[in-house]
Every structure is written in C-alpha cells, then in structure tokens.
Amino acid sequence: LDAQTLFEASAGNLQLETAEQKASANQQHRRRKLAEIGQAVGKFQQQQGVLPQSRMPSEATEHTHSWRIAILPFLHDPLAKKIYDDYHFDEAWNSPHNTKSTSQMPDVFRSRDEATGEVAQNTDASTIANNDNSTLTHIMGFHGEAAAFGNDYPLAIENFPDGSNMTVLLIESAETVHWAEPKDIDFEPGANLQHVLGNASPDNALSANRMVVLVDGSVPQLPSTVTAEQLGQLVHRFDARTVRLLPLADVAASDGVAR
C-alpha cells in the first residue's frame, strides 16, 4: 500500500474512533443528567412521602404545575433554586411572571451532545414556532391511573406492585414540551406509544440509545429493538408483566426513590 492509501485508512479509522468516543461521551453525559433528576425525584418522595405528579395542584387555586418545577429545590443547579424561589404557584404556569421566571431551562432537562453542544433532537418547525427551542425538553413522564405519575392523586412506593425497579417513571421522549408546562405523556393500558419512541434513526442520539428513569431512580437504556407495546408494559405499574427488557444501568441515583 502506498503512503496516501495508508494515510486515508488511518484517517478513516481515527474518524470512526472519534465518532464512537463522542457518542459514548454524549450517552454518559445524558445518563448523569437523568440520574440527577432521579435523585431529585427521590428526595421529593422522601420529604413528601409520595411521588410528584404530572400536574401538581396548587393550594387554594385551580392552577396546576409541573413536576419539573416541584423538584427544582433538589437539583444541584443554582439556577434551579433561583427559578423555584421566583416562581408564583398562585398563578398559571404560563402567566406573564412565570413565563419570565422559566425563560431559562436548567441544563439537566436538556438532551444535549456534550461534545458539540447541539441539542439531540429533530424538533419540527411548528413546535419551534410556538416555543423557544432553549426551553423545550424531551424528558417526560407518564400521566394516568396506571402510570407512575398517577392521575387525580399522588402515588407512594407501595402503589407499585410490579416493583419500583421495573416501572418506568421518565423517558427521553421523541416529543418535546416546554419544560415548565404541566404536561406529560397521557397513558392508558393498551395505548400505542409509538409517538413516544418516534422513528429510529442512527443519526438521532435519542432514538439510537434512548434512556429511561425507573421509579427506583436507576437509569437504564432501552434496547434498540423495544416496541411500543413493550414500552407500555414497562410503564404500566400493576400489570404483573415484569419482563426484564432493560439492561442494568452503570449510573444510578445513589439516594433516589426508596426501593
């Protein structure tokens, strides 16, 4: 082989190695963020005795607020505490004051490629038109009687007969939502969750190695072959179908939700 051929082969191998290293670093970075969220949910549960809800009711008003707002005091980010202290729970989440307060999103809710700084998402134009992309998050929970965030009342650990280590609490969804909006994924047993998984693409970091946070705070990765039906089984908290579809995580919430 001539020198040019050897150089091109070496450069190609180097690019492949760099891409793999970049993907691995991005995955670990996202997992650390999800683990911190799992820890924050765990601290909320330890303090309140129940998990937060997708639509947290406020005292003496009809307004509801997101679980993401509720866990802000338990995150490590100083910005999170600042937002929480400034947030008005007696107003709607998108009131003029709260809109200003939540105009910045704590980085822990951002699915971002650590190496490039690019958001790992393919958000459609209509969504971007209605929301500043810097305030959109892929990290969503499941709302419904059979899901971890429940429906009309908050859930305690004893409300998970399938096991807190076998029930999905949060997912890196293919969809996005304003991080402060009290909105998550509506779930009913048997519902089609393909919109949550989206279309698999090797160019999309989230679809290629999508991660979830379980109720116990651990952060495993969904198999690339997971189906919408299988995801529904993992979300359902009392269907007695505890098939181990998820590999063990190498990052978990050390002080997360009680096992």
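For the single chain, residues carry numbers from 1 onward in sequence order. All heavy atoms count here, side chains included; hydrogens, waters and symmetry mates do not.
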Distance, nearest 0.5 Å, that separates OG of S95 from CG of D90
8.5 Å
Restricting to side-chain hydrogen bond (donor to acceptor under 3.5 Å, both in side chains), what partner residues turn up for H195, sequence neighbours left out?
E175
Under the criterion side chain to side chain contact (heavy atoms under 4.5 Å, CB included), I'd like the reasoning laid out for H97 against K100: C-alpha separation, chi angles, the key distance, then a yes or no.
CA-CA 5 Å; H97 175 86; K100 181 178 179 180; 6.0 Å; no
Determine whether L193 and F142 make a side-chain contact, defined as any pair of heavy atoms from C-beta on separated by less than 4.5 Å.
yes
Counting distance only, does the side-chain N/O of Q194 pair as donor-acceptor with the main-chain N or O of G198 below 3.5 Å?
yes
Checking T135 side chain against M105 main chain: does a donor-acceptor pair fall under 3.5 Å?
no
Is S58 close to H65 at the side-chain level, that is, under 4.5 Å between some pair of heavy atoms?
yes
For H88 and E91, indicate whether the former's side chain and the latter's backbone hold a donor-acceptor pair under 3.5 Å.
no
Closest heavy-atom pair, L72 versus P106, reported as atoms and distance to 0.1 Å, is CD2-CG, 4.0 Å
Here the pair of heavy atoms bringing A228 nearest to N192 is CB-OD1, 3.7 Å
Check step by step if side chain to side chain contact (heavy atoms under 4.5 Å, CB included) holds for E36 and L75.
CA-CA 7 Å; E36 182 179 349; L75 296 173; 3.9 Å; yes
For a quick test of your reading: what N or O donor-acceptor pairs under 3.5 Å do the side chains of residues 79-86 make, sequence neighbours left out?
residue : atom : partner : partner atom : Å
K81     : NZ   : D85     : OD2          : 2.9
D86     : OD2  : S101    : OG           : 2.5

For the backbone of F44 and the side chain of Q47, can you confirm whether one donor and one acceptor N or O come within less than 3.5 Å of each other?
no
May I ask you to check whether over 12 heavy atoms, not counting those of E145, lie within 6.0 Å of atom CD?
yes
Please give me the minimum heavy-atom distance between V226 and L231, naming the atom from each residue.
CG2-N, 4.2 Å
Cluster overlap F109 with Y87, hydrophobic side-chain contacts below 4.5 Å
yes
Check whether any side-chain heavy atom of Q45 sits under 4.5 Å from a side-chain heavy atom of I157, and report yes or no.
yes
Report yes if some heavy atom in the side chain of L234 is under 4.5 Å from a heavy atom in the side chain of L222; otherwise report no.
yes
Any chance CD of E229 has more than 12 other-residue heavy atoms, nucleotides or ligands included, within less than 6.0 Å?
no
Please name the pair of heavy atoms, one in I185 and one in I171, separated by the smallest distance, quoted to 0.1 Å.
CD1-CG2, 3.9 Å
Apply side chain to side chain contact (heavy atoms under 4.5 Å, CB included) to residues V212 and V219 and explain how you reach the verdict.
CA-CA 6 Å; V212 295; V219 186; over 6 Å; no
Taking the side chain as C-beta and beyond, is there a heavy-atom pair between T102 and W179 under 4.5 Å?
yes
Side-chain contact, heavy-atom cut-off 4.5 Å: I37 with W67?
yes
Salt bridge (Lys or Arg N to Asp or Glu O under 4.0 Å), that's the test. Do R55 and D184 meet it? Break it down for me.
CA-CA 9 Å; R55 301 159 191 170; D184 288 278; over 6 Å; no
Minimum-distance pair of heavy atoms, taken over all atoms of R68 and V177
NH2-CG1, 3.5 Å
As an exercise, state the distance from NE2 of H143 to CD of E188, rounded to the nearest 0.5 Å.
10.5 Å
Is there a side-chain contact between R110 and H138 (heavy atoms, below 4.5 Å)?
no
I'd like to know if the side chain of D186 reaches the main chain of G144, judged simply by a donor and an acceptor atom lying under 3.5 Å from each other, with no hydrogens or angles considered.
no
Are the side chains of L170 and M140 in touch, meaning some heavy atoms are under 4.5 Å apart?
no
Can you see which heavy atom on L214 is nearest to which on S164, and at what distance?
CB-O, 3.9 Å
Between F160 and Y153, is there shared hydrophobic-cluster membership here, with clusters defined by ILVMFWY side-chain heavy atoms closer than 4.5 Å?
yes
